[in-house]
Amino acid sequence: MVGLKPSDIPPPLGVKVLSAGTAACIADLVTFPLDTAKVRLQIQGEKAASEAAKNIRYRGVFGTISTMIRTEGPKSLYNGLVAGLQRQMAFASIRIGLYDSVKNFYTGGKENPGVMMRILAGCTTGAMAVSCAQPTDVVKVRFQAQMNLSGVERRYNGTLQAYRQIFRHEGLRGLWKGTLPNITRNALVNCTELVTYDLIKEAILKHQLMSDNLPCHFVSAFGAGFCTTVIASPVDVVKTRYMNSPPGQYKSAINCAWTMLTKEGPTAFYKGFVPSFLRLGSWNVVMFVSFEQLKRAMMVSKQRIEATT
């Protein structure tokens, strides 16, 4: 064992879970302004949002970022960051950290599992992660949608206060609001993201186009980010609108989607596509590269500890 390279030894479950959560937090810190811009573009056009915004209009990802900095200050780009980091530690640790273990469980430990088994594993860990981390996602989205403008009443003043207020006014259902569209979205995201990354990386290594190192991880992650955005964007828009909506605005996630379709047309489902791609593409690159490097660093540390004992 001591003579083997860290990449030759499968990392234990604890290393994968911790690496996934930490890597996702690093990715969130880097890409959070893009995510906030995406949320603002997705809710633009809603009655409640337009009343609060008055004459403010967002145009494109960088236009949205510059408008937010001009009208609300640069700190507004990181609205909801605390809830976002809480979400990633609970969410990514499960959906990414447990993916290989669940995949091995479904295949009985066989090497080179089929695409359907990978998709099933992605759906499973995605649904598990949403079930645990949904309250953090609700708070994150509401903070990102909240405008820091004079004369506009703030819904929440702090992360813990937001959890308490949502529970007090909307009950447990409020904290788990939008679970169905979020499970749908994250089943799609997880399947596309992890399976695509898996397949692209395997193809690159199989045809010896690159070695299992940073450039390979970068290309695989970028491809996974693009495929994920195309497939998951419509569900992401519905999820954002529904989770941010006040009680009674929409009867259900399906009603939210139907209202969008009838009032704004099918293009409403791809609102914020560019920031979604910029965010998911860059998030995937930072997360997967960090994840691979953290796993290796932890394995090196583990080997050194074992060598000295």
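Each residue takes its place number in the sequence, starting with 1.
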Next on the checklist: If hydrophobic clusters are built by linking Ile, Leu, Val, Met, Phe, Trp and Tyr wherever their side-chain heavy atoms come under 4.5 Å apart, do I183 and V138 end up in the same one?
Outcome noted: no
Item to check | L294/L18 under side chain to side chain contact (heavy atoms under 4.5 Å, CB included): CA gap, chis, key distance, verdict | outcome: CA-CA 9 Å; L294 283 167; L18 183 59; over 6 Å; no
Checklist entry - Are the aromatic ring centres of F288 and F222 under 6.0 angstrom apart? => result no
Checklist entry - Taking side chain as C-beta onward, heavy atoms only, is L194 less than 4.5 Å from R118? => result no
Next on the checklist: I'd like to know whether K103 forms a side chain to side chain contact (heavy atoms under 4.5 Å, CB included) with D100, so could you lay out the CA-CA distance, the side-chain angles of the two residues, the decisive distance to 0.1 Å, and finally the verdict.
Outcome noted: CA-CA 5 Å; K103 183 174 67 177; D100 285 335; 3.5 Å; yes
Checklist entry - Taking the inter-plane angle between the rings of Y242 and Y250 on a 0 to 90° scale, is it parallel (under 30°), tilted (30 to 60°) or perpendicular (over 60°)? => result tilted
Next on the checklist: Hydrophobic clusters here meaning ILVMFWY residues chained together by side-chain heavy-atom distances under 4.5 Å, can you tell me if I254 and L261 are in one?
Outcome noted: no
Next on the checklist: One thing to verify: whether R296 and D212 come together as a salt bridge, which I'm taking to mean a side-chain N less than 4.0 angstrom from a carboxylate O.
Outcome noted: yes
Next on the checklist: How long is the straight-line distance from CD1 of I94 back to CD1 of I96, given to the nearest 0.5 Å?
Outcome noted: 11.0 Å
Checklist entry - Quick one: do R142 and E170 make a salt bridge, cutoff under 4.0 Å? => result yes
Next on the checklist: When you measure from the side chain of S233 to the backbone of V230, do you find a donor-acceptor pair of N or O atoms at a distance under 3.5 Å?
Outcome noted: no
Checklist entry - Can any side-chain N or O of S76 pair as donor or acceptor with the backbone N or O of G73 at less than 3.5 Å? => result yes
Next on the checklist: For a side chain to side chain contact (heavy atoms under 4.5 Å, CB included) check, start with the C-alpha distance between L205 and M210, then their side-chain angles and the critical distance, and finish with the verdict.
Outcome noted: CA-CA 6 Å; L205 296 176; M210 299 177 189; 5.8 Å; no
Checklist outcome for this item: Here the gap from R70 atom CZ to I65 atom CD1, rounded to the nearest 0.5 Å, amounts to 13.0 Å
Next on the checklist: If we ignore hydrogens and angles and just use 3.5 Å, is the side chain of T36 paired with the main-chain N or O of L77 as donor and acceptor?
Outcome noted: yes
Next on the checklist: Tell me if the CZ atom of F218 is crowded by more than 12 foreign heavy atoms within 6.0 Å.
Outcome noted: no
Next on the checklist: Donor-acceptor pair, distance only, cut-off 3.5 Å: does the side chain of D236 make one with the backbone of A232?
Outcome noted: no
Checklist entry - Just wondering, do F91 and V130 contact through their side chains at under 4.5 Å, heavy atoms? => result yes
Next on the checklist: Please report the interatomic distance CD(Q88) to CG(D137), rounded to the nearest 0.5 Å.
Outcome noted: 9.0 Å
Checklist entry - With distance as the sole criterion, is a donor-acceptor pair present between the side chains of E193 and Y99 under 3.5 Å? => result no
Item to check | Nearest atoms (heavy-atom pairs only) where V238 meets A257 | outcome: CG2-CB, 3.9 Å
Item to check | Which atom of A90 lies closest to which atom of A133, heavy atoms considered | outcome: CB-CB, 4.0 Å
Checklist entry - Can you tell me if T125 uses its side chain to pair, donor with acceptor, with the backbone of R95 under 3.5 Å? => result yes
Next on the checklist: Using side-chain heavy atoms (C-beta onward) and a distance below 4.5 Å, is K201 in contact with I204?
Outcome noted: no
Item to check | Distance in Å, T229 OG1 paired with Y270 OH, rounded so as to fall on 0.5 Å steps | outcome: 10.0 Å
Checklist entry - Is there a path of hydrophobic side-chain contacts, each under 4.5 Å between heavy atoms of I, L, V, M, F, W or Y residues, that connects V139 with L172? => result yes
Checklist entry - C227 and T196: which non-hydrogen atoms are nearest, and at how many Å? => result SG-CG2, 4.0 Å
Next on the checklist: Has K38 got a side-chain atom pairing as donor or acceptor with P33's backbone, closer than 3.5 angstrom?
Outcome noted: no
Checklist entry - Is the side chain of T262 donor-acceptor paired with the backbone N or O of T259 at a distance under 3.5 Å, no angle test? => result yes
Item to check | S252 side-chain N/O to N255 backbone N/O, donor-acceptor pair under 3.5 Å | outcome: yes
Checklist entry - Rounded to the nearest 0.5 Å, how far does CD of Q249 lie from SG of C256? => result 7.5 Å
Next on the checklist: Please give me the minimum heavy-atom distance between N284 and A224, naming the atom from each residue.
Outcome noted: OD1-CB, 4.2 Å
Checklist entry - Is the CZ atom of F269 crowded by more than 12 outside heavy atoms at less than 6.0 Å? => result yes
Item to check | Non-hydrogen side-chain atoms of K271 and E264 separated by less than 4.5 Å | outcome: yes
Next on the checklist: Testing the basics here: between V286 and S290, what is the closest heavy-atom pair and its distance to 0.1 Å?
Outcome noted: O-OG, 2.6 Å
Checklist entry - Salt bridge between D28 and R87, side-chain N to carboxylate O under 4.0 Å? => result no
Item to check | Side-chain touch C123/N190, heavy atoms, less than 4.5 angstrom | outcome: no
Checklist entry - Donor-acceptor pair, W283 side chain versus L278 backbone, under 3.5 Å? => result no
Checklist entry - In terms of hydrophobic clustering (I, L, V, M, F, W, Y; side-chain heavy atoms under 4.5 Å; direct or indirect links), are V235 and I231 co-clustered? => result yes
Item to check | Chi angles and distances behind the side chain to side chain contact (heavy atoms under 4.5 Å, CB included) call for L34, S282 | outcome: CA-CA 9 Å; L34 293 170; S282 55; 3.8 Å; yes
Checklist entry - Do V237 and M260 touch side chain to side chain, with heavy atoms closer than 4.5 Å? => result yes
Checklist entry - For S19, does its backbone N or O pair with a side-chain atom of T22 as donor and acceptor, under 3.5 Å? => result no
Next on the checklist: Are F167 and Y156 linked, directly or through intermediate hydrophobic residues, by side-chain heavy-atom contacts shorter than 4.5 Å (ILVMFWY only)?
Outcome noted: yes
Checklist entry - Run the side chain to side chain donor-acceptor pair (under 3.5 Å) check on K16 and S93 step by step: do they pass? => result CA-CA 8 Å; K16 290 181 184 177; S93 298; over 6 Å; no
Checklist entry - Quick one: CG on L85 to OG1 on T159, what's the gap to the nearest 0.5 Å? => result 9.5 Å
Item to check | Check: F32 and Q144 side chains under 4.5 Å, non-hydrogen atoms | outcome: yes
Checklist entry - Where is the tightest heavy-atom contact between W176 and S131, given as atom of each residue plus distance? => result NE1-O, 3.0 Å
Checklist entry - Do the side chains of D35 and K140 get nearer than 4.5 Å, heavy atoms only? => result yes
Next on the checklist: For Y197 and H217, take the angle between the two ring planes, folded into 0 to 90°, and tell me which bin it lands in: parallel under 30, tilted 30 to 60, perpendicular over 60.
Outcome noted: tilted
